[in-house]
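Quick note: numbers below take in every heavy atom, side chains included, and nothing from hydrogens, waters or symmetry partners.
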Amino acid sequence: MTAAPPRPHVPGGRTDPAHYTPADLPAEFAALGTPVEGLGVGQPGKVGLLELTFTPLAGATRLTHHFQQFPLQVFRPFYLDSHRPETAFVYVLSHGGTLQGDRARLDLVCAPGASAHVTTQAAAKLYRMERNYATQLVNLEAGEGSFLEYLPDPVIPFRDSRFFTRTCLTLHPGATAIVAETLLPGRVAYGEHHDYALYAAQMEARTPRASCCSPTASSSRRRPPHRTRPDSSGHTPP
């Protein structure tokens, strides 16, 4: 049996805005921090949190740590692949779509030797946002010799939506990770073609020795409508 790595310490607790608020938020988003009427940022139902740790136990990968806060949640793992019977399949559920002022954070750890496939139950819908914006933080860690697939369903940005997402992958020696993010042009039936107000996606991959500010590789895309080509490439440092 391989022990799961300790869960990262949260200095101010999960309710601390610093826990679910992206650091170094692009200026385009910081300028849109207008308070949301009704349920504002940080209110119940506006901050989705999910912590998952997978550990190999008795020939299969088990979910050994699980914390969830609405609107993010998961069901028990399934074992669906006859060629990799030890792999745990987990579906992340989020009720409804993403609204202005929503904040989400997912922390996923694959302990050494674990094997997990994580996806979502449906495409992520980003609704129109007249105030503020929505953000998502995804922290992935693949322990030594582990196998991790993180393949969420596509993101569908509605007209005038504003969304920032950052994915950080820490890859230990001998680990394998397959990570993908897919952006659709919008609701084709409504004639939308990248008509969102602002969309930014950042992805970083690092080794355990790399500092938080020194990723091994990174890709960043910012797309204000009609200013940046949706098919333009991201940026990877030398």
Side-chain angles (χ1 to χ4, degrees), residues 20-26 28-29 48-52 54 71-74 89-99 102-110 116-127 129 133-142 146-159 161-171 175-188 192-206 210 212 215-225 227-237:
Y20 53 79
T21 302
D24 302 323
L25 195 67
E28 299 95 322
F29 287 89
L49 301 177
L50 188 61
E51 298 171 6
L52 305 174
F54 296 95
L72 293 181
Q73 64 176 335
V74 296
F89 284 72
V90 169
Y91 291 84
V92 178
L93 286 76
S94 179
H95 292 270
T98 299
L99 304 174
D102 283 359
R103 304 290 186 264
R105 172 169 172 159
L106 187 155
D107 293 277
L108 192 160
V109 176
C110 253
H117 172 97
V118 179
T119 185
T120 52
Q121 92 284 11
K125 299 183 290 294
L126 309 179
Y127 290 107
M129 302 177 188
Y133 47 85
T135 67
Q136 172 183 264
L137 296 174
V138 179
N139 298 306
L140 309 173
E141 182 172 357
S146 66
F147 178 81
L148 170 63
E149 291 181 331
Y150 178 71
L151 302 172
D153 283 294
V155 174
I156 305 177
F158 289 16
R159 182 177 286 110
S161 59
R162 307 163 176 172
F163 187 64
F164 173 85
T165 177
R166 175 181 291 150
T167 300
C168 181
L169 168 66
T170 301
L171 203 62
T176 299
I178 301 174
V179 181
E181 296 177 348
T182 305
L183 175 68
L184 298 183
R187 297 172 295 176
V188 178
E192 295 177 350
H193 184 72
H194 298 285
D195 292 329
Y196 38 81
L198 190 59
Y199 181 91
Q202 296 180 355
M203 182 175 291
E204 298 179 354
R206 60 169 63 94
C212 183
T216 302
S218 68
S219 177
S220 179
R221 294 170 181 252
R222 299 185 191 179
R223 298 185 182 128
R227 207 189 312 167
T228 306
R229 288 174 54 88
D231 58 353
S232 63
S233 61
H235 169 68
T236 302

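- To the nearest 0.5 angstrom, Ser94 atom OG is 11.0 Å from Leu106 atom CG.
- For Tyr127, the ring pair (Phe, Tyr, Trp, His ring centres under 6.0 Å) criterion is met by Phe158, not counting sequence neighbours.
- If you take OG1 on Thr165 and CE on Met203, they are separated by 8.0 Å, rounding to the nearest 0.5 Å.
- For the atom pair CG of Leu171 and OG of Ser146, the computed distance is 7.5 Å after rounding to the nearest 0.5 Å.
- Separation of atoms OG1 (Thr119) and CZ (Phe89) is listed at 10.0 Å; rounding is to 0.5 Å.
- By the side-chain contact (heavy atoms from CB on, under 4.5 Å) test, Leu49 is found to be paired with Arg14, His19, Tyr20, Val47, Phe67, Gln69, Arg105, residues two or more places apart in sequence or in another chain being considered.
- Looking at residues two or more places apart in sequence or on another chain, you find no ring pair (Phe, Tyr, Trp, His ring centres under 6.0 Å) involving Tyr91.
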Could you go through residues 176-188 and list every donor-acceptor pair under 3.5 Å that involves a side-chain atom there, pairing it with any protein atom two or more places apart or in another chain?
unit_1: Glu181; atom_1: OE2; unit_2: Thr167; atom_2: OG1; d: 2.4
unit_1: Arg187; atom_1: NE; unit_2: Glu192; atom_2: OE1; d: 3.3
unit_1: Arg187; atom_1: NE; unit_2: Glu192; atom_2: OE2; d: 3.1
unit_1: Arg187; atom_1: NH2; unit_2: Glu192; atom_2: OE2; d: 2.6

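- Listed by chain and residue number, Tyr133, Phe164 satisfy the ring pair (Phe, Tyr, Trp, His ring centres under 6.0 Å) test with Phe29 (two or more places apart in sequence, or in another chain).
- Residue Asn139 holds its CG atom at 4.5 Å from CG of Asp107, rounded to the nearest 0.5 Å.
- Taking all atoms of both residues into account, the shortest heavy-atom contact from Ala175 to Ala142 is CB-O, 3.6 Å.
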Could you pull out every donor-acceptor pair under 3.5 Å between side chains of residues 148-157 and any protein atom, sequence neighbours left out?
unit_1: Glu149; atom_1: OE1; unit_2: His117; atom_2: ND1; d: 2.6
unit_1: Asp153; atom_1: OD2; unit_2: Thr120; atom_2: OG1; d: 3.0
unit_1: Asp153; atom_1: OD2; unit_2: Ala122; atom_2: N; d: 3.4

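- Atom CG of residue Leu137 and atom CD of residue Gln202 lie 10.0 Å apart, to the nearest 0.5 angstrom.
- Of all heavy-atom pairs spanning Asp102 and Gly97, the tightest one is OD2-O, 4.1 Å.
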task = With side-chain hydrogen bond (donor to acceptor under 3.5 Å, both in side chains) as the test, would you mind laying out the steps for Glu141 and Thr170 before giving the verdict?
result = CA-CA 5 Å; Glu141 182 172 357; Thr170 301; 5.6 Å; no
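- Between Tyr196 and Met129, the closest side-chain pair of non-hydrogen atoms is not below 4.5 Å.
- Residue Gln121 forms a side chain to side chain contact (heavy atoms under 4.5 Å, CB included) with just one option from Val92, Val74, Leu93, and that option is Leu93.
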